[in-house]
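Before any comments, here is the structure.
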Amino acid sequence: MVAPSVLHLNPDKYDDPLAFNPWRWEGKELHAGSKTFMAFGGGVRLCVGADFAKLQMAIFIHHLISNYRWTVVKGGDIIRKPGLVFPNGLHVKITKKQELY
Ligand code: HEM
């Protein structure tokens, strides 16, 4: 049985687990097989909205790529293992593209 909250609220894994701290995963391995993070839960209680949420993220990224110009500021080294990993981050500046009409 998988109980994501037992993992995510475990003070041995995360300092002050009840605090809102989006940086808590910085430097940790975040991939499908991660032992410290399960974004959509797992097992029989796997998030039923996971595919819907991923579709919304894909549509959002599509609009960001189609309508905005991305300029790399720093980072960008890529490791394929097999998913993409940016070991030193990928900092980009995003500016709205000029309207052509
Ligand atoms: C980025 C967006 C989302 C994240 C990170 C997320 C995360 C999670 C996690 C971690 C669980 C498991 C909770 C547990 O095991 O106690 C869960 C369950 C659930 N999620 Fe999501 N969720 C997201 C979006 C959605 C959406 C869009 C819907 C509905 C349209 C949804 C509906 C549900 C439902 C109904 C459950 C309970 C499933 C069950 O207990 O059988 N979620 N979600």
Side-chain angles (χ1 to χ4, degrees):
M1 182 176 168
V2 181
S5 53
V6 173
L7 171 65
H8 294 158
L9 299 179
N10 183 347
D12 293 336
K13 299 280 183 202
Y14 296 109
D15 292 336
D16 201 2
L18 293 177
F20 176 74
N21 176 14
W23 299 107
R24 69 172 78 253
W25 291 283
E26 193 173 30
K28 299 205 177 195
E29 289 213 19
L30 299 179
H31 50 76
S34 171
K35 292 190 172 69
T36 52
F37 180 60
M38 284 181 274
F40 292 103
V44 292
R45 305 301 299 266
L46 180 70
C47 174
V48 292
D51 285 339
F52 179 65
K54 289 175 196 170
L55 176 65
Q56 286 192 319
M57 289 183 231
I59 292 169
F60 176 72
I61 290 170
H62 165 80
H63 282 285
L64 264 185
I65 290 170
S66 305
N67 300 319
Y68 292 82
R69 187 171 305 285
W70 294 44
T71 311
V72 175
V73 176
K74 71 174 180 178
D77 294 339
I78 298 174
I79 298 176
R80 293 176 173 82
K81 50 182 232 181
L84 292 185
V85 176
F86 297 92
N88 53 355
L90 174 60
H91 298 242
V92 292
K93 181 177 169 192
I94 298 175
T95 44
K96 184 134 179 64
K97 284 182 182 171
Q98 296 291 318
E99 298 285 342
L100 294 178
Y101 47 88

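Whatever order the structure lists them in is the order used to number ligands and atoms, beginning at 1.
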Is the side chain of His8 donor-acceptor paired with the backbone N or O of Ala3 at a distance under 3.5 Å, no angle test? no

Would one find more than 12 heavy atoms of other residues, nucleotides or ligands at under 6.0 Å from atom CG of Asp51? no

Find the distance between CZ (Arg69) and NZ (Lys97) and round it off to the nearest 0.5 Å.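 One finds 6.0 Å between CZ of Arg69 and NZ of Lys97.
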
Kindly give the cluster partners of Leu55, where membership spreads through any ILVMFWY side chain lying under 4.5 Å from a current member. Ile59

Under 4.5 Å side-chain linkage, directly or through intermediates, the cluster mates of Ile94: Phe60, Ile61, Leu64, Ile65, Tyr68, Trp70, Val72, Ile78, Leu84, Phe86, Leu90, Val92

Proximal protein residues to ligand 1, non-hydrogen atoms under 4.0 angstrom: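 Protein residues near ligand 1 are Pro4, Ala39, Phe40, Gly41, Arg45, Leu46, Cys47, Val48, Gly49, Phe52, Ala53, Met57.
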
Could you pull out all donor-acceptor pairs under 3.5 Å where a side-chain atom in residues 12-22 meets a protein atom, sequence neighbours excluded?
residue: Tyr14; atom: OH; partner: Trp25; partner atom: NE1; Å: 2.7
residue: Tyr14; atom: OH; partner: Thr36; partner atom: O; Å: 2.1
residue: Asn21; atom: OD1; partner: Trp23; partner atom: N; Å: 3.1

